[in-house]
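Below, chains carry the letters A, B, ... as their sequence lines are ordered, and counting in each starts from 1. For the numbers below, each heavy atom of this structure counts, side chains included, while hydrogens, waters and symmetry mates do not.
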Amino acid sequence: MRKVLVGVKRVVDYAVRVRVSADKSGVELANTKMSMNPFCEIAVEEAIRLKEKGAAEEVVAVSIGPKQAQETLRSALAMGCDRAIHVQTDIRSDQGLNPLAIAQLLEKVVEKESPDLVIVGKQSIDGDHATTAPMLAELLGWSQATFAARLDVAADGASAEVERETDAGTEVVKLPLPAVISADLRLNTPRYPKLPNIMKAKKKPLEALEAADLGVDLAPTLVVTGVAPPPDRAAGVTVESVDDLVDKLKNEAAVI
Amino acid sequence: DEDTGVATCGAGVVLADLDAFLRDKGFCAPLDLGAAGTCTVGGNLATNAGGVRFVRYGSLRGATVGVEFVTADGTVIDCAGTPLRKDNTGYALPQLLVGSEGTLGVITKVALAVPAAPSSVGVAWLACDDFGAVRRTLRLARTHLGEVLSAIEFLDLPARDAALRAQPDLSDPVEGGSFRVLVEVAGSDAAHDDEKLNRFLEASAEAGAVLDGVVAASTTKARELWRVREGVSDAMSNAGFVFKYDVSLPPARLYDLVDEARARLAGFELDVAGYGHVGDSNLHLNVCDATGYNADVHETLEP
């Protein structure tokens, strides 16, 4: 394969305890640690491994977001990507920027770059939509394999075999390239960016484009009307006897 | 008190609970140690606990603003009533209690000056050739990271190996050298701190102080690196009978004690590990005997 395109997203760090903003319109992002979406990290790792195996010549990372998305792209470059593309927009991806718009923007990047394979994370940990990959594949008219736990690209670069996670276990699918793959947890364990690569990353090319210039309608079709934290857990109750337990399970918890 | 940044709590409050409570309000505890989930704030004060953030927040003697304690005859002495950040009236009784280990009284209430919680934390894991390189890395960290340096810890390979054996899901992401150094930066501006961290790493690599290194890009990965460092103590304790020494030494001689111990114990089959807070000149020397307590080993270590 000549080129692999990897989508990465800057989200609230996985370990951060999020807070709802005072006006309940969304999650408070000010002063909050942001990192690369964990599934995007896995996607980047897989793309770099393909390059290291000789299955791909070039890995390009793309991110859609505000200026700080460039930091996420630098991380991707530090892991080993060759080039990065930043599609600049200040519309928040957990608010006004919908997966459909993102898929359409990625479609424009694909048209520009002509990759043989697109790998993205299965979902982002802020929106949890898991729709960008399937929508992108549909817009491009390409095959898709989502929730990938294993990816093998054929030696001739014309097809790929993917073992994908299902509710009942896994299934193996074979698909022609070019294709869109979405990465799931078991696909790999992402590497730590190493010192020499962190230094090199600063000099790798990063191209910035304006989302508004790409001819995509960015108006939201989904609107977030409110965000609230989950209700506090009620205190537990100690029961005095087995009869009491059975009574509560039957009449209060209604599980038997 | 969110204006003065002073937190008052009962001595029995668990350090991790205090930290969680403070973080909800944008502050954090001025110390952190492996035992944070079980140790009490009163106990921390009574022992003048150091921990891994000493290099950033200093000693509890500085952070303690007030203390309430009970003397042996039952008198309650309250120096925590209205905790003021600056109080030069009379002798610094609270400071006397810090580190007094129960010999002057039992601490019942504590007032601590607590820092604002950093919103951005970055961790780097480095491989150094020898202890001289570790010291050069420490100096470079102080020069380049300055006020955002929040922790700098070192481990020798036996310490690292013990931690990895006890936590098989972890691995060492760097290779080479005889030491590992964990550097943590914490501040309120991620871009600024990352820039400083990268400049420090570049300088360390150019100076030849660091052979290899990685940076944790997310909090999850940062915690994995910390788990290696924090896992050493328990790993050594669970592997046999362990002699633990917590010593302060001049930086130039900090690791000499470990080399000397290894040399003197050469006749025995032991796991000798050195690790600790290199920024505070504080070494933890652990000698582990998998076969159990051996009086000869004891005699050799403490003649």
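From B:Asp24, atom CG reaches atom CZ of A:Arg19 across 5.5 Å, with rounding to the nearest 0.5 Å. Atom OG of residue B:Ser119 and atom CG of residue A:Asp13 lie 11.5 Å apart, to the nearest 0.5 angstrom. Interatomic distance, B:Asn198 CG to A:Arg74 CZ, rounded to the nearest 0.5 Å: 10.5 Å.
No side-chain heavy atom of B:Val214 sits less than 4.5 Å from a side-chain heavy atom of A:Arg191.
Of the atoms belonging to B:Val121, it is backbone heavy atoms, and not side-chain ones, that fall under 4.5 Å from chain A. Proximity to chain A is limited to the backbone of B:Arg23, based on heavy atoms less than 4.5 angstrom apart. If you measure heavy-atom distances from B:Asp189 to chain A, you find no contacts under 4.5 Å at all. Of the atoms belonging to A:Gln68, not a single heavy atom falls under 4.5 Å from chain B. Residue A:Met36: no heavy atom, backbone or side chain, is found under 4.5 Å from chain B.
Atom CD of A:Glu210 sits in a crowded spot, with more than 12 heavy atoms from other residues, nucleotides or ligands closer than 6.0 Å. The environment of A:Lys24 atom NZ is sparse: at most 12 non-hydrogen atoms of other residues, nucleotides or ligands sit within 6.0 angstrom. More than 12 non-hydrogen atoms from other residues, nucleotides or ligands lie less than 6.0 angstrom from NZ of A:Lys202.
Nearest heavy-atom pair across B:Pro173 and A:Lys194 is O-CE, 3.3 Å. Of all heavy-atom pairs between B:Lys221 and A:Pro190, the closest is NZ-O, 3.0 Å. Contact record, B:Thr219 with A:Ser35: N-OG, 4.4 Å, taken as the closest heavy-atom pair. Here the shortest heavy-atom pairing between B:Thr220 and A:Tyr14 reads OG1-CD2, 3.3 Å. Nearest heavy-atom pair, B:Ser218 versus A:Glu41, reported as atom, atom and distance to 0.1 Å: OG-OE1, 4.4 Å. Of all the heavy atoms in A:Glu71 and B:Ala191, the pair that sits closest is OE2-CB, 3.8 Å.
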### Message
Before you tell me yes or no, could you show the steps for B:Glu202 and A:Ile198 under side chain to side chain contact (heavy atoms under 4.5 Å, CB included), namely the whole-Å CA-CA distance, both residues' side-chain angles and the distance that decides it to 0.1 Å?
### Response
CA-CA 9 Å; B:Glu202 233 179 293; A:Ile198 296 171; over 6 Å; no
